[in-house]
Structure formats: C-alpha cells, structure tokens
Asker: 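Can you keep this structure in mind? I'll have questions shortly.
Just so it is clear, the structure is predicted and the values come from calculations on it, not from any experiment. Below, each value reflects all heavy atoms present in this structure, side chains not excepted, and no hydrogens, waters or symmetry copies.
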Amino acid sequence: QVQLVESGGGLVQPGGSLRLSCAASGIVFSLWAMGWYRQVPGKQRELVATISRSGSTNYADSVKGRFTISRDNAKKAVDLQMNSLNAEDTAVYYCTAGPSDYWGQGTRVTVSS
C-alpha cells in the first residue's frame, strides 16, 4: 500500500518561509519521480514542482526562484522549501509520486499577516 504523508504546513506571514516534508512508503522510492501540487478551494490543482529519479527539477513559473524541491532516497522523503511566501501561495499542498500517480492527503499552508 502506497502512503505519502505530508507535514510542515501552517500559518506564516508574507515574506516568510516554510518547509514541507513528505514521507513515502509502499514504493521503491528511488525509482519514482516525486512532486508537489497545490489546490485553492474552487480552483484546479496546480503543479508546483517535480523532481525526477535522477534529481532533475521542474517548477511552476509562479514559484521559480522561491521554492526548492529536494529528495532524500535513503530517507524516502521529498521536501519543498518555500521562501518569500505571499498570499497567492495559500493552498493545500499535496505530495505526489509518479509524479501524479499517487497522492498524499495534503497539508494546508496559509500565508497571512
């Protein structure tokens, strides 16, 4: 059974930082591309970032230069470092494997003063 468990969400002020983490189980982690998506209520889910098996990364234009995705194959974990957060980053963030075959339950990020 594949499980992706996110952590690290919360409330942060504009300009602040958060680091999301995702622990994976039930997959041979090193063989899977991983990703982070986000969704605002009433809107479609949006790709935030992906990282390939080899470590190549891809980012949405809206987060380039502010967010960094990384993976630790030994820990079976993928992180998303988010800097310079603004209100438009407020969403539920989902960890994915595949990078969209399997989804976690999501962690909420709220950027507000």
Asker: Does Arg53, at its CZ atom, have more than 12 non-hydrogen atoms belonging to other residues, nucleotides or ligands within less than 6.0 Å?
Answerer: no
Asker: How long is the gap from CG on Leu4 to NZ on Lys76, to the nearest 0.5 Å?
Answerer: 12.0 Å
Asker: What's the shortest heavy-atom distance between Thr68 and Tyr59, and which atoms?
Answerer: CA-OH, 3.4 Å
Asker: Do Thr110 and Ser112 pair up side chain to side chain, a donor and an acceptor below 3.5 Å, judged on atom types alone?
Answerer: no
Asker: Quick one: pull up CZ in Phe67 and CE in Met82 and give me the separation to the nearest 0.5 Å.
Answerer: 5.0 Å
Asker: List the steps and the verdict of side-chain contact (heavy atoms from CB on, under 4.5 Å) for Val111 and Leu11.
Answerer: CA-CA 6 Å; Val111 183; Leu11 174 64; over 6 Å; no
Asker: Roughly how far, to the nearest 0.5 Å, is OG of Ser21 from CD of Glu6?
Answerer: 10.5 Å
Asker: Write down the atom of Asn83, the atom of Ser17, and the distance for their closest heavy-atom approach.
Answerer: OD1-OG, 2.9 Å
Asker: Should Val109 and Leu20 be marked as a side-chain contact (heavy atoms from CB on, under 4.5 Å) after you check the CA-CA gap, both sets of side-chain angles, and the distance that decides it?
Answerer: CA-CA 9 Å; Val109 172; Leu20 305 183; 4.0 Å; yes
Asker: So, taking the atom named CG in Asp79 and the one named CE in Met34, what distance separates them when rounded to the nearest 0.5 Å?
Answerer: 10.5 Å
Asker: Trp36 and side-chain contact (heavy atoms from CB on, under 4.5 Å): which single residue from Ile51, Val78, Thr96 fits?
Answerer: Val78
Asker: When you measure from the centre of the six-membered ring of Phe29, is the NZ or CZ of Arg71 under 6.0 Å away and within 45° of the axis?
Answerer: yes
Asker: In Å, rounded to the nearest 0.5 Å, how long is the span from SG of Cys22 to CD1 of Ile69?
Answerer: 9.5 Å
Asker: Step by step, would you call Tyr37 with Glu46 a side-chain contact (heavy atoms from CB on, under 4.5 Å)?
Answerer: CA-CA 5 Å; Tyr37 284 70; Glu46 173 191 23; 6.0 Å; no
Asker: Taking the basic N atoms (NZ, or NE/NH1/NH2) and the acidic carboxylate oxygens, is any pair closer than 4.0 Å for Arg38 and Asp89?
Answerer: yes
Asker: What is the minimum heavy-atom distance between Ser70 and Arg19, and which atoms define it?
Answerer: OG-NH2, 3.6 Å
Asker: Identify the heavy atoms of Val63 and Val48 that sit nearest to each other, and give their distance.
Answerer: CG2-O, 3.6 Å
Asker: Using every non-hydrogen atom in the two residues, find where Pro14 and Ser113 come nearest and quote the distance to one decimal.
Answerer: CD-N, 3.7 Å
Asker: Atom CZ of Arg66 and atom OG of Ser84: how far apart are they, to the nearest 0.5 Å?
Answerer: 6.5 Å
Asker: If hydrophobic clusters are built from ILVMFWY residues whose side chains come within less than 4.5 Å, do Val2 and Trp32 share one?
Answerer: yes
Asker: For residues 98-108, run the donor-acceptor check on the side chains, cut-off 3.5 Å, and write out each pair with its distance to 0.1 Å, sequence neighbours left out.
Answerer:
residue : atom : partner : partner atom : Å
Trp103  : NE1  : Ser100  : O            : 3.0
Thr107  : OG1  : Gly9    : N            : 3.2

